[in-house]
Protein chains: 2
Amino acid sequence: MLNRKSDNPTPVYFRLQSTIKDKIESGHWKPGDMIPPERIFAEEHKLSIGTVKKAISNLVNEGFLYRIQGKGTFVTGTYLRKDKLRYYRCFSSFDDNEGDMNIKLLEIEKTKPIPAINRLLKLHPKSDLFKISRLMNFSKGPRIFSTSYLPQKQFKDLDTPLFRTKIEKIALYSILEESYGVPTIYNQELIGAEGADNETADHLKIPIGTPLVTIEMLSFTYKDRPYEYRISYCNTSERKLFREY
Amino acid sequence: MLNRKSDNPTPVYFRLQSTIKDKIESGHWKPGDMIPPERIFAEEHKLSIGTVKKAISNLVNEGFLYRIQGKGTFVTGTYLRKDKLRYYRCFSSFDDNEGDMNIKLLEIEKTKPIPAINRLLKLHPKSDLFKISRLMNFSKGPRIFSTSYLPQKQFKDLDTPLFRTKIEKIALYSILEESYGVPTIYNQELIGAEGADNETADHLKIPIGTPLVTIEMLSFTYKDRPYEYRISYCNTSERKLFREY
DNA sequence: GCTCATTTGTTCGTATGTATC
DNA sequence: TGATACATACGAACAAATGAG
């Protein structure tokens with residue numbers, strides 16, 4: 001079955017990796033699921049245990065799986081990649097501690113397509129969107145005003161009361177993963193600075209024109225599929241945005 | 001020598017990893033150097049080749065080494081980690097191409113200690129610094145004004161004419177690695193927004209008060225030792241700063 | 001262009017240790 | 001305690017790339 005020679009120079013362990021990754025990306029195995037033990041893979045594909053170990057440990061390194069000795073091998077969800085993926089943390093200096101944050105949902109509504117955003121999300125030009133506006137508060141008041149756009153078709157029912165209450169308590173990416181099986185694999189960002197406009201100044205309780213950091217974020221799930229476009233306006237007068245890489 | 005049992009539960013391959021890493025971090029093997037072949041490690045430490053392979057491939061995954069089939073195993077320099085470490089790229093939109101950049105050296109001089117910076121660089125409060133000011137130009141003019149501070153003691157002769165000409169042609173981190181054996185392992189950043197002050201506005205040829213992205217960066221080499229503090233002011237009106245993670 | 005020694009890459013298989021339930 | 005699952009370690013055989021001669 002999975003055998004070398006013939007005319008395919010791809011290593012066996014690599015092809016096994018691909019078949020496992022496919023089952024994850026197709027949703028056959030979901031975040032948190034236990035996949036079959038190494039022994040089973042070895043028997044089914046007539047491979048040595050070492051080759052199976054290599055395939056799995058590569059997927060562990062790539063972040064798709066994690067292993068617990070004595071228990072099994074499991075599919076990684078976003079929450080486990082969080083260290084790498086978590087959005088900006090807020091610090092007042094390099095040696096500061098991170099501040100606490102809470103989220104207020106301002107609005108969640110269905111909107112008509114927005115050409116530039118539909119294009120970024122690789123959607124049909126006529127696909128409708130969800131628009132979610134939120135305010136992030138730190139100790140001394142509102143600091144980040146963000147608006148997210150998601151495909152309506154992919155995330156039905158996101159505007160029901162159930163989700164509205166969840167959104168203030170659980171990170172948006174957790175909801176999308178748990179309820180829709182869409183884990184976050186990576187993000188892209190464009191960062192700029194702008195003076196606060198009327199609406200943003202109002203939300204953040206600052207004078208119009210105050211310099212803000214703008215972060216446009218595009219989030220991707222399996223197979224490089226974008227699923228959220230977000231633009232955030234950050235008041236960094238008290239706390240700046242921290243990143244390590 | 002490297003043997004299990006006794007009363008040390010640490011895996012053998014892990015201890016071999018540590019001894020190799022030590023030789024790299026102490027400068028015994030420098031970026032670009034070839035380390036001894038697997039066979040030698042196996043013989044010297046009386047280990048099987050598989051165990052040596054595991055230790056080395058872990059260090060490859062951690063980014064300390066890279067291997068070329070048929071040639072050998074080599075110590076990684078910053079230039080090979082560049083994909084992960086390179087500073088912000090400039091894009092006008094998510095699907096844009098990266099713009100070209102050139103660097104102009106404004107000034108390189110010796111300065112007295114600056115308490116806040118000496119503390120961040122973990123230097124003695126009386127250690128003198130180098131101050132390097134540069135201007136990054138993109139197609140449509142100057143866009144980033146940055147000032148770096150480095151320990152004078154660690155980077156002697158950085159203000160000689162030889163380095164002055166190099167700094168405009170080669171990235172600063174390459175110079176520090178090649179001439180002083182200081183590769184970059186990771187960076188920390190604090191990001192904020194500010195209105196341009198007098199001096200910065202002058203350099204970037206923009207009105208005073210124009211919103212700019214400020215990036216404070218702390219660069220680390222082996223063993224979590226900071227070696228550079230840099231503050232950059234970025235005019236993002238044409239091109240924003242791009243990151244993927 | 002070819003051969004050969006060297007070095008890493010792949011795959012196999014076995015035995016034993018250790019964590020979980 | 002036993003069954004199960006992953007972890008460590010050993011070692012052999014062959015493949016594939018590199019570079020020197």
Side-chain angles (χ1 to χ4, degrees), chain A residues 1-21 23-24 29 32-76 80, chain B residues 1-21 23-24 29 32-76 80:
Chain A
M1 199 162 302
L2 277 171
N3 232 317
R4 194 152 184 165
K5 302 295 178 191
S6 55
D7 46 275
N8 188 346
T10 315
V12 178
Y13 71 84
F14 188 85
R15 280 184 282 155
L16 177 54
Q17 260 173 258
S18 300
T19 70
I20 295 175
K21 208 157 95 171
K23 292 221 180 184
I24 296 172
W29 293 325
D33 284 359
M34 184 175 129
I35 70 169
E38 298 168 349
R39 183 178 46 82
I40 304 292
F41 280 114
E43 285 170 9
E44 283 187 354
H45 298 214
K46 306 209 184 306
L47 297 175
S48 86
I49 193 85
T51 303
V52 175
K53 263 184 171 339
K54 176 146 187 165
I56 290 179
S57 86
N58 282 344
L59 289 175
V60 168
N61 283 332
E62 290 173 24
F64 287 93
L65 297 172
Y66 65 96
R67 295 196 267 196
I68 301 177
Q69 185 177 158
K71 286 185 74 172
T73 302
F74 306 84
V75 178
T76 310
L80 275 170
Chain B
M1 199 161 299
L2 278 171
N3 232 316
R4 192 150 182 165
K5 303 294 179 194
S6 57
D7 46 276
N8 187 347
T10 315
V12 179
Y13 71 84
F14 188 86
R15 280 184 283 155
L16 177 55
Q17 260 173 257
S18 301
T19 70
I20 295 174
K21 207 157 97 172
K23 292 220 181 187
I24 296 172
W29 293 324
D33 285 359
M34 183 175 129
I35 70 169
E38 297 167 350
R39 181 178 46 81
I40 304 292
F41 279 114
E43 285 169 9
E44 282 187 355
H45 295 131
K46 304 210 185 304
L47 298 174
S48 85
I49 194 84
T51 304
V52 174
K53 267 183 176 327
K54 174 145 188 166
I56 289 178
S57 87
N58 282 344
L59 290 175
V60 168
N61 283 331
E62 290 173 24
F64 287 93
L65 298 172
Y66 65 96
R67 296 196 267 195
I68 302 177
Q69 186 178 158
K71 286 185 75 172
T73 303
F74 305 84
V75 178
T76 309
L80 275 170

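Naming: A, B, ... by sequence-line order, numbering from 1 per chain.
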Check your understanding: If each of B/Lys54 and B/Ile49 is mapped to the nucleotide of DNA chain D with the nearest heavy atom, which maps nearer the 5' terminus, i.e. the 5' end?
Key -> B/Lys54
**Study point:** C/dT8 phosphate, OP1 or OP2, under 4.0 Å from B/Thr73 side-chain N/O
**Key:** yes
Check your understanding: Is any NZ, NE, NH1 or NH2 atom of the basic residue among B/Glu38 and B/Lys54 found under 4.0 Å from an Asp or Glu carboxylate oxygen of the other?
Key -> no
Exercise for review: If the plane angle is over 60° it's perpendicular, under 30° parallel, otherwise tilted; pick one for B/His45 and B/Phe41.
Suggested key: parallel
Review point. Want to settle it: does B/Met34 or B/Lys53 sit nearer the 5' end of DNA chain C, counting the closest nucleotide to each?
Key: B/Met34
Practice item. First locate atom CD1 of A/Ile20, then atom CZ of A/Phe64, and finally report the distance between them rounded to the nearest 0.5 Å. Key: 11.5 Å
Check your understanding: Within the structure, does a side-chain N or O atom of A/Thr51 lie under 4.0 Å from either OP1 or OP2 of C/dT11?
Key -> no
Review point. Roughly how many Å is it from CZ in B/Arg15 to C1' in D/dT8, rounded to a whole number?
Key: 12 Å
Exercise for review: Starting at atom CG of A/Asn58, determine the distance to atom C1' of C/dT10, rounded to an integer number of angstrom.
Suggested key: 12 Å
Check your understanding: Between D/dA7 atom P and A/Ile56 atom CD1, what is the distance in whole Å?
Key -> 9 Å
Pairs: protein N or O with nucleotides 18-21 of chain D N or O, under 3.5 Å:
{"from": "D/dG19", "atom 1": "OP1", "to": "B/Lys71", "atom 2": "NZ", "distance (Å)": "3.1"}

Practice item. Answer with base, sugar-phosphate or nothing: what part of the nucleic acid does A/Gly72 contact at a heavy-atom distance below 4.0 Å? Key: sugar-phosphate
Review point. Residues two or more places apart in sequence or in another chain: which of them pass ring-ring contact (aromatic ring centres under 6.0 Å, His included) with A/Phe74?
Key: A/Tyr66
Review point. Nearest to the side chain of A/Pro11 - D/dC10, C/dT7, C/dT11?
Key: C/dT11
Review point. Do any side-chain nitrogens or oxygens of B/Ser48 fall under 4.0 Å of OP1 or OP2 in D/dG11?
Key: no
Exercise for review: State whether B/Arg67 places a side-chain N or O below 4.0 Å from either non-bridging phosphate oxygen (OP1 or OP2) of C/dT7.
Suggested key: no
Review point. Between atom CZ in B/Phe14 and atom C1' in C/dT18, what is the gap in whole Å?
Key: 18 Å
Check your understanding: Does B/Tyr13 put a side-chain nitrogen or oxygen below 4.0 Å from OP1 or OP2 of D/dT8?
Key -> yes
Point to revise | Spacing between A/Glu38 atom CD and C/dT14 atom P, to the nearest angstrom | key: 16 Å
Point to revise | From A/Phe14 atom CZ to A/Thr19 atom OG1, the distance as rounded to the nearest 0.5 Å | key: 11.0 Å
Point to revise | CD on A/Glu44 to CZ on A/Arg39, rounded to 0.5 Å | key: 10.5 Å
Review point. Between D/dT4 and A/Arg39, is there an OP1 or OP2 to side-chain N/O distance shorter than 4.0 Å?
Key: no
Check your understanding: Atom CZ of A/Phe41 to atom C1' of D/dA5: distance rounded to whole Å?
Key -> 13 Å
Check your understanding: Please walk me through it: do B/Thr76 and B/Ile24 pass side chain to side chain contact (heavy atoms under 4.5 Å, CB included)?
Key -> CA-CA 10 Å; B/Thr76 309; B/Ile24 296 172; over 6 Å; no
Point to revise | Reported OH-to-CG distance for the pair B/Tyr13 and B/Leu59, which is rounded to 0.5 angstrom | key: 11.5 Å
Exercise for review: Rounded to the nearest angstrom, tell me the gap between atom OH in A/Tyr66 and atom P in D/dA7.
Suggested key: 13 Å
Exercise for review: Could you check how far NZ of A/Lys46 sits from P of C/dT11, rounded to whole Å?
Suggested key: 17 Å
